[in-house]
Each structure stands twice: as structure tokens, then as C-alpha cells.
Protein chains: 2
Amino acid sequence: MRPAQQLRSRKLIVEFFNEALALLKDVDFDGLSIDTLCERTSSTIGAFYSRFENKEAFVDALQLILVRATRQRIEADYATNAAPTDSLESFIGWIVKGAISWYRRNEGVIRASLRRTNKEADTWIPMRDLVGVQAAHALPYIMRLLPSDAAANGAEERVRFAFQMLFGTMNNMVLINPGPFGIHDPETPRMLASSIAQFIRSTPSDAKRRVPPSRAR
Amino acid sequence: MRPAQQLRSRKLIVEFFNEALALLKDVDFDGLSIDTLCERTSSTIGAFYSRFENKEAFVDALQLILVRATRQRIEADYATNAAPTDSLESFIGWIVKGAISWYRRNEGVIRASLRRTNKEADTWIPMRDLVGVQAAHALPYIMRLLPSDAAANGAEERVRFAFQMLFGTMNNMVLINPGPFGIHDPETPRMLASSIAQFIRSTPSDAKRRVPPSRAR
DNA sequence: GAATAATCAGAATTAGAACTCTTAATCTGA
DNA sequence: TCAGATTAAGAGTTCTAATTCTGATTATTC
């Protein structure tokens with residue numbers, strides 16, 4: 001992306017991004033046509049290509065903006081002690097609530113990003129790192145809130161897996177809306193939070209005691 | 001898809017499907033080129049189009065084959081009492097093991113199906129129904145294996161949500177392989193099973209007791 | 001072993017969307 | 001105000017991959 005020197009082009013770039021975000025509610029990156037984008041912004045192909053190397057660069061930039069903003073938001077939240085520390089459940093509830101609202105606000109880009117074709121270049125990587133950032137911040141909080149017996153045995157592994165399930169489930173909601181619960185349903189945060197809190201709390205012996213080896217299917 | 005009258009074309013159709021499955025390990029439906037497919041099967045464009053209306057119909061057929069086969073497999077498994085009934089954990093373990101191995105076997109098509117662009121036609125629907133079928137079969141088993149206090153309060157809802165998390169997590173693994181756990185990791189089934197069993201067992205009062213309302217993020 | 005139907009071959013066509021390129025307009029600084 | 005730099009217009013080009021179409025080839029039937 002070539003940086004703009006003049007105000008008009010700076011404005012135009014913003015318009016491109018905003019209109020793209022709007023369009024992404026209906027289509028994904030493949031379906032996002034540069035022609036359409038230019039029409040919608042009352043602009044032209046030439047203007048677009050004098051700013052962006054190509055469509056891919058534009059899309060990368062769009063993703064990057066979101067990732068950057070989100071990362072800052074996360075950092076800020078933790079820096080200002082916004083995270084509740086009274087119990088594991090309320091901490092997890094806070095995490096989940098924040099995550100869900102992020103998914104709701106950015107549904108279009110997220111869906112498009114998930115679908116973006118990646119032959120070699122793993123275009124989801126910036127998004128993935130976001131989950132990593134979240135997990136890294138949350139981990140010490142969670143460990144502190146966990147009773148010592150639960151914390152002792154592989155809690156960190158369970159936490160990481162819990163995060164993976166959390167974001168996996170939300171990605172899936174945004175991607176294919178499988179039902180019965182959708183990203184916009186009011187019960188969804190509660191279900192998610194209680195489920196992963198439950199899992200994090202569980203001790204490995206719970207599982208061992210209860211799961212005798214079953215025959216292969 | 002026009003049904004084949006002669007043996008040679010029946011064979012060819014099978015070859016098309018098999019080769020497509022092989023190709024889908026590397027590319028998705030967009031990247032699956034008919035030209036390539038025909039080369040790989042030592043066949044020709046003409047042969048392909050004398051069988052299939054167009055590429056989309058071919059892809060639909062491919063998906064349908066998988067969905068049909070899977071549905072039958074599920075029905076058969078339950079019909080022959082393959083499901084363990086000694087404990088919730090072993091039943092869930094069985095479900096998860098079966099599901100994971102299905103994902104491992106069919107990773108390519110699944111990934112491609114997840115990514116398939118759907119403007120209006122929701123091409124994932126047949127796959128989604130599969131989850132529904134699974135859940136419908138499993139539900140009564142689970143209810144029977146649940147202690148009465150857990151079963152009483154919204155257990156059905158929790159079961160459905162657990163299934164949604166299970167398949168959401170696996171879809172996500174296949175789609176973007178987020179880590180730390182992958183669909184091929186040997187620990188994955190255990191983690192998945194213990195996590196959803198835990199959640200299904202939990203009573204709503206667990207959650208209520210433990211989650212005081214936290215301030216919005 | 002023709003006659004007819006089914007299938008295959010594959011060059012040529014089409015279509016859609018990204019991108020280029022040249023000319024025109026607009027801005028900026030002196 | 002005007003010369004040079006930046007930006008915008010948008011018709012035209014290019015590229016890619018699906019699809020069409022017509023003449024062979026191969027199977028089936030009587």
C-alpha cells in the first residue's frame with residue numbers, strides 16, 4: 001500500500017476500507033469485486049490501484065487494521081485492570097463476553113478471513129496470533145484463580161485447549177452458523193463461559209476415573 | 001449428473017470422484033480445476049461434461065456421496081449396538097473417537113466444504129444435518145447415562161451445545177489448524193471427550209453459584 | 001455386421017474479474 | 001499564478017478457468 005500524501009486520498013482510503021467492511025457482510029474476499037468497491041465509493045479503478053499494489057495487498061491491509069486494533073484493545077483492557085479477579089467464573093465470563101462482542105461487531109471480516117483461500121500463505125495467521133495474545137494474558141489470571149489441586153495437574157494445557165474450543169466454536173458459528181446456538185443469541189455467552197470454566201476446573205483424575213478404555217468404533 | 005449407461009463411464013465417474021478427493025488434500029473447490037482433474041484421470045473435458053451439468057453439480061455430488069455414506073455408517077453403528085452404555089464418559093469417548101477418525105479420513109473434502117463460497121445456497125447444509133443426525137441418536141443414550149439431578153435441568157440444551165462445540169472445534173482444526181492441538185494429535189480425542197463430558201454433567205446451579213454478574217467489558 | 005445410441009476428444013469460445021496505461025484533473029509550494 | 005507533483009478516470013488488456021460444440025470412437029442391439 002502506497003501511503004497517501006494528500007487529504008483527499010487519505011479520505012478515499014478510509015472509504016475503501018469502510019465500504020469493503022460493509023460489502024463483506026454479504027460476500028467474502030473472492031466475491032469482493034474491485035469494480036463494485038469503486039462504484040460504491042464513487043471512485044474508480046485507477047484510484048484504487050494508485051493506492052494498493054493489488055487486491056491481495058488491500059485485503060491484507062484490511063485484516064491488519066482489525067488485528068492491530070484488537071491487539072491494542074486487549075492490551076489496554078489488561079493494563080487498566082478491567083479484568084475481574086474475584087472468581088474463575090467471572091473472569092471467564094468477562095473473556096467470553098468480550099470475545100463474543102468482538103465477533104458480533106466484526107462478523108463480516110472474520111467470516112471472509114476464515115474462508116480466504118490459502119494455498120501456501122496462511123492468511124489466517126495474524127488472526128490466530130490474536131488468540132495467542134489473549135491466552136497469554138489470561139493464563140496467569142486463570143492459574144491464580146484456580147484451586148491448587150486443579151492447578152497442579154496440566155491446568156495450563158487445559159486452559160489452552162479451552163481457548164481453542166472457545167474460538168473454534170465461535171469461528172464455526174460465524175462461518176456456517178450451525179445451530180442450535182448462533183453468535184447473536186443471548187444465551188451463547190453463558191453456555192460458552194460455563195462450559196469452558198467447567199473444563200478448566202476439572203482435574204485429570206476426574207476424567208481418568210470416569211473414562212474406562214472403550215472399544216474402538 | 002447424468003447417470004451412466006455403460007460400464008466404462010461408470011468407472012470414469014468413480015475415477016473423477018476419487019481423483020477429486022485426492023486433489024482436495026491440497027486445494028479447495030475453487031482451486032480444483034476441471035482441466036487438471038481430467039488430465040489426472042487421463043480423461044477429457046468432454047467426458048467430464050457429458051456426465052456433469054457443471055462443476056458445481058460435480059461438487060454437490062461429491063459432498064452428497066460423503067454425507068450419504070456417513071449417515072449410513074452412523075445408523076448402522078447405532079443399529080448394531082456398537083455404542084458403549086456403561087458410562088457417560090465411555091459413550092462420549094466413543095462418539096468423539098468416531099468423529100475424529102471421520103475428520104481425519106475426510107479432511108480434504110471437509111476443509112473444502114467449509115470453505116466453499118456460499119452466496120445464497122448454503123452448501124454446508126448437508127454436512128450440518130449430519131451433526132443433527134448424530135445428536136439425535138446420541139441424545140437418548142446420554143440422558144439415560146446422566147444422574148437424575150444433572151438430567152433434570154436443561155441437560156438436553158447442554159448436550160446440543162456440547163455437540164456444537166465438539167464439531168465447531170474440529171471444523172476449526174481442519175480449517176485453520178489453530179493449535180495447540182491438531183486433528184491428528186493423539187491427545188486431541190481425550191481432551192475433547194473429557195471437556196464435553198464435563199460440561200454435560202454440570203448442573204446449571206454449578207454455574208449460577210459460581211458466576212456472579214461481572215461488569216461489561 | 002450394420003445401424004443406432006452412448007460416450008469421448010479436445011480445440012475453440014466465453015465470461016468474469018483483476019489489472020494496466022494513458023490522459024485529465026487537482027493540489028501544493030514558491 | 002504557475003510548474004511540478006500527486007492523484008483520479010476509465011477504456012482497454014490480459015489472464016484464467018469453466019463451458020460449448022462438432023466430429024470421432026466405442027458399445028449395444030437386432
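Computation of the quantities below employed the complete heavy-atom set of this structure, encompassing side-chain atoms and omitting hydrogens, waters and symmetry-equivalent molecules. A, B, ... follow the sequence lines: proteins, then strands. Residue 1 opens every chain.
The salt bridge (charged side-chain N to carboxylate O under 4.0 Å, His left out) test applied to B:E39 returns no partner, not counting sequence neighbours. Judged as a side chain to side chain donor-acceptor pair (under 3.5 Å), and not counting sequence neighbours, A:T169 has no contacts. Every residue two or more places apart in sequence or in another chain was checked for a side chain to side chain donor-acceptor pair (under 3.5 Å) with A:T44, and none qualifies. Every residue two or more places apart in sequence or in another chain that forms a side chain to side chain donor-acceptor pair (under 3.5 Å) with B:R105 is listed here: B:S101. Looking at residues two or more places apart in sequence or on another chain, you find a salt bridge (charged side-chain N to carboxylate O under 4.0 Å, His left out) between B:R116 and B:D60. For A:E19, the side chain to side chain donor-acceptor pair (under 3.5 Å) test picks out A:R40, with sequence neighbours left out.
Classified by interplanar angle (parallel below 30°, tilted 30° to 60°, perpendicular above 60°), the ring pair A:F58/A:F17 is parallel.
Sequence neighbours left out, not one pair with a member in residues 177-200 of chain A passes salt bridge (Lys or Arg N to Asp or Glu O under 4.0 Å).
Here C:dA6 presents its P atom at 16 Å from CE of B:M1, a figure rounded to the nearest Å. With rounding to whole Å, B:R10 atom CZ is found 17 Å from C:dC8 atom C1'. For A:L37 and D:dG10, the CG to P distance is 16 Å, given to the nearest whole Å.
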Every protein N/O lying under 3.5 Å from an N/O of nucleotides 17-21 of chain C:
residue	atom	partner	partner atom	Å
C:dA18	OP1	A:L32	O	3.4
C:dA18	OP1	A:K55	NZ	2.9
C:dA18	OP2	A:I34	N	3.3
C:dC19	OP2	A:Y49	OH	3.1
C:dC19	OP2	A:K55	N	2.8

All N/O contacts under 3.5 Å from nucleotides 3-7 of chain D to the protein, with atom names and distances to one decimal?
residue	atom	partner	partner atom	Å
D:dT7	OP1	A:Q5	N	2.5
D:dT7	OP1	A:Q6	N	3.2
D:dT7	OP1	A:S9	OG	3.4
D:dT7	OP1	A:R51	NH2	3.3
D:dT7	OP2	A:R2	NH1	3.3
D:dT7	OP2	A:R51	NH2	3.0
D:dT7	O5'	A:R51	NH2	2.9
D:dT7	O4'	A:R8	NH2	3.3

